[in-house]
Amino acid sequence: MTDTPLLHVDMDAFYASVALRERPDLVDQPVVVGGSGRGVVLAANYVARRYGIHSALPMARARRLCPQVVVLAPDFDTLTSVSASVMATFREVTPLVESISLDEAFLDVRGAVRRLGPPARIAEQLRSTVHDEHGITCSVGVAASVSVAKLGSRRAKPDGVLVVPPAEVASFLHPLDVGELYGVGEKTRALLHRIGLVTAGDVARTPLEDLQRAVGRHLGHELHHLAWGTDRGELHVGAGPRAVEKSMGAQETFARDSDDRDVIVRELLRLSARVAARMRAAGVAGRTVALTVRFADFTTITRSRTLAEATDVTVEIHGAATGLYDRLALRRTPLRLVGVRVEGLVPRATVHHQLALGEPDRGWAEADRAVDRATRRFGAAAVRPASLV
DNA sequence: TCTGGGGTCCTAGGACCC
DNA sequence: TCTGGGGTCCTAGGACCC
């Protein structure tokens, strides 16, 4: 058996690498993938990174850092299909694959060792297969726990492998800044630094109770395990609790801030229709409708309402969202973004609609399903609510 | 031209019930 | 007539991840 059965595989600059397969003429130039206007960088190739460009950077700043940067739009259909075939490659190694995004997955290779050799060799084979079959590079971390494998792949980038055996976990983790630990973001890092905990080793040496007093019970416990590399060693595979989504939402930043109720309510309709259609396609319904509003100064608030019964109907979701918006009673306050999310999703089949007294019928639900059929036949542009035409 | 869009999980207070 | 806990649901905010 092996003492490092987990692989974390992470595609290198995935969105950019996939885009560059179609544009090999650009490989030596700084390239980012992202939206235009008020967008951020989704991925930057390694040439662009030399200019200090990285993902999540506002596009405007990326252009300032490197005026000659080439900006490509993301092609989500291609990304999704490349991702699916890469994941299929992983499943040829082991059925125990936990995919955590389009470009990342954990593999438990315990059962593949006899067939394919030690994990380090499996990792190298996998990397060359991915490169040969899909034309992109990836990096792999190999360890006994999920978070150590993940940190390993980050350290191996780009285009490398790093194995962290159990005996070396402490010496690998403890020099790292706490901000490198999975689950420690900007805020928690700042808080920990403020109380003198700068490295993972500092956290590891702090008594659990002190840690929990500083950052909360749960996070304290979590941090302690992360700093010792004793987080989970089993993957969540297949029909686990994460197999079905718990919420679905859509949000959009306006090209220009808007304080016009008509514009905002129309945008809420567009978002509600998008969410409801995805819910119907997934066969789920939800009871709680949440509205997100972001102001010009970037402060963001949410308001939610739980309905008497779960729905997947556009007008019901839109009605709830509009009601929440009106209850805010904003007077000509410019909004940067609005969003609609439906939470508490359950399988559609478990929802039993009770016809309320005097309620006409389920006309709107039937209308939605007719729209779904027409969209499947003629495309999304063919069928829209009249107010969006 | 400053800061996207899709999510998950945790905390905390109040309501309400037993 | 004095002051319980525990559990669940709802709401709002915040941190984090990719």
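Because the structure is a prediction, the values reported are computed rather than measured. First the proteins, then the strands, lettered A, B, ... as listed; each starts at 1.
To the nearest whole angstrom, the two C1' atoms, one in dG4(B) and one in dC16(C), are 16 Å apart.
Taking every side-chain heavy atom of Arg61(A) into account, dC2(B) is the closest of dC2(B), dG6(B), dC10(B). Among dT11(C), dT8(B), dG6(B), the nucleotide with an atom closest to any side-chain atom of Ser247(A) is dT8(B). In the set dG4(B), dG5(B), dC18(C), the nucleotide with an atom closest to the side chain of Gln251(A) is dG5(B). Counting only heavy atoms from C-beta on, His218(A) has its side chain closest to dT11(B) among dG13(C), dT3(B), dT11(B). In the set dT3(B), dA12(C), dT8(B), the nucleotide with an atom closest to the side chain of Ser304(A) is dA12(C). Taking only side-chain atoms of Ala60(A), from C-beta outward, the nucleotide of dC2(B), dT11(B), dC16(C) with the closest atom is dC2(B).
Residue contacts for Gly35(A): at a heavy-atom cut-off of 4.0 Å it reaches no nucleic acid atom on any strand shown. Ala250(A) comes within 4.0 angstrom of the backbone, heavy atoms only, and of no base. Note on Leu337(A): only backbone sugar-phosphate atoms sit closer than 4.0 angstrom, heavy atoms only; bases stay farther off. Here Ser55(A) lies out of heavy-atom contact (under 4.0 Å) with every strand. Met59(A) comes within 4.0 angstrom of nothing in the nucleic acid, heavy atoms only. At the heavy-atom level, Gly34(A) lies nowhere under 4.0 Å from the strands shown.
The partner of dC18(B), taking Watson-Crick or G-U wobble pairs whose two distances both stay under 3.5 Å, is dG5(C). When Watson-Crick and G-U wobble pairs are counted only if both distances are under 3.5 Å, dA12(C) pairs with dT11(B).
The CD1 atom of Ile100(A) sits 15 Å away from the C1' atom of dG6(B) (whole-angstrom rounding). Glu252(A) places its CD atom 12 Å from the P atom of dG4(B), with the value rounded to the nearest Å. Here dG4(B) presents its P atom at 14 Å from CZ of Phe76(A), a figure rounded to the nearest Å. Counting to the nearest Å, the P atom of dT3(B) and the CG atom of Asp297(A) are 13 Å from each other. One can place CZ of Arg189(A) at 11 Å from P of dC16(C), the figure rounded to the nearest angstrom. The separation between His54(A) atom NE2 and dT3(B) atom P is 14 Å, rounded to whole Å. We find that OH of Tyr182(A) is positioned 7 Å from P of dC17(C), with the value rounded to whole Å. Rounded to whole Å, the distance from CG on Leu42(A) to P on dG4(B) is 11 Å.
Within the 4.5 Å cutoff, the side chain of Arg369(A) has no heavy atoms near those of the Trp364(A) side chain.
From Met248(A), atom CE reaches atom CD of Glu343(A) across 13.0 Å, with rounding to the nearest 0.5 Å. Atom OG of Ser17(A) is separated from atom CG of Asp12(A) by 6.5 Å, given to the nearest 0.5 angstrom.
Phosphate contact (OP1/OP2 of dG6(B), side-chain N/O of Arg341(A), threshold under 4.0 Å): absent. Between Thr306(A) and dT11(C) there is a side-chain N or O to OP1 or OP2 distance below 4.0 Å. Side-chain N/O atoms of Lys246(A) include one lying less than 4.0 angstrom from OP1 or OP2 on dC9(B). A close approach under 4.0 Å does not occur between any side-chain nitrogen or oxygen of Arg287(A) and OP1 or OP2 of dC9(C). For dG13(C), one of the phosphate oxygens OP1 or OP2 lies less than 4.0 angstrom from a side-chain nitrogen or oxygen of Arg303(A). Taking 4.0 angstrom as the limit, Thr253(A) places a side-chain polar atom (N or O) nearer than this to OP1 or OP2 of dG5(B). Distances shorter than 4.0 Å separate some side-chain N or O of Lys150(A) from OP1 or OP2 on dC18(C). Put simply, Thr302(A) has no side-chain N or O that comes within less than 4.0 Å of OP1 or OP2 on dA12(C).
For the pair Ala296(A) and Met248(A), nearest-nucleotide mapping onto DNA chain B gives the more 5' position to Ala296(A).
By the 6.0 Å and 45° rule, Arg256(A) does not stack over the aromatic ring of Phe254(A).
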Practice task
Tell me, with the steps shown, if Val69(A) and Val31(A) meet side chain to side chain contact (heavy atoms under 4.5 Å, CB included).
Solution key: CA-CA 6 Å; Val69(A) 69; Val31(A) 173; 5.9 Å; no
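With Leu151(A) as the fixed residue, the side chain to side chain contact (heavy atoms under 4.5 Å, CB included) test singles out one of Leu226(A), Leu173(A), Leu162(A): Leu173(A).
Classified by interplanar angle (parallel below 30°, tilted 30° to 60°, perpendicular above 60°), the ring pair His8(A)/Phe106(A) is tilted.
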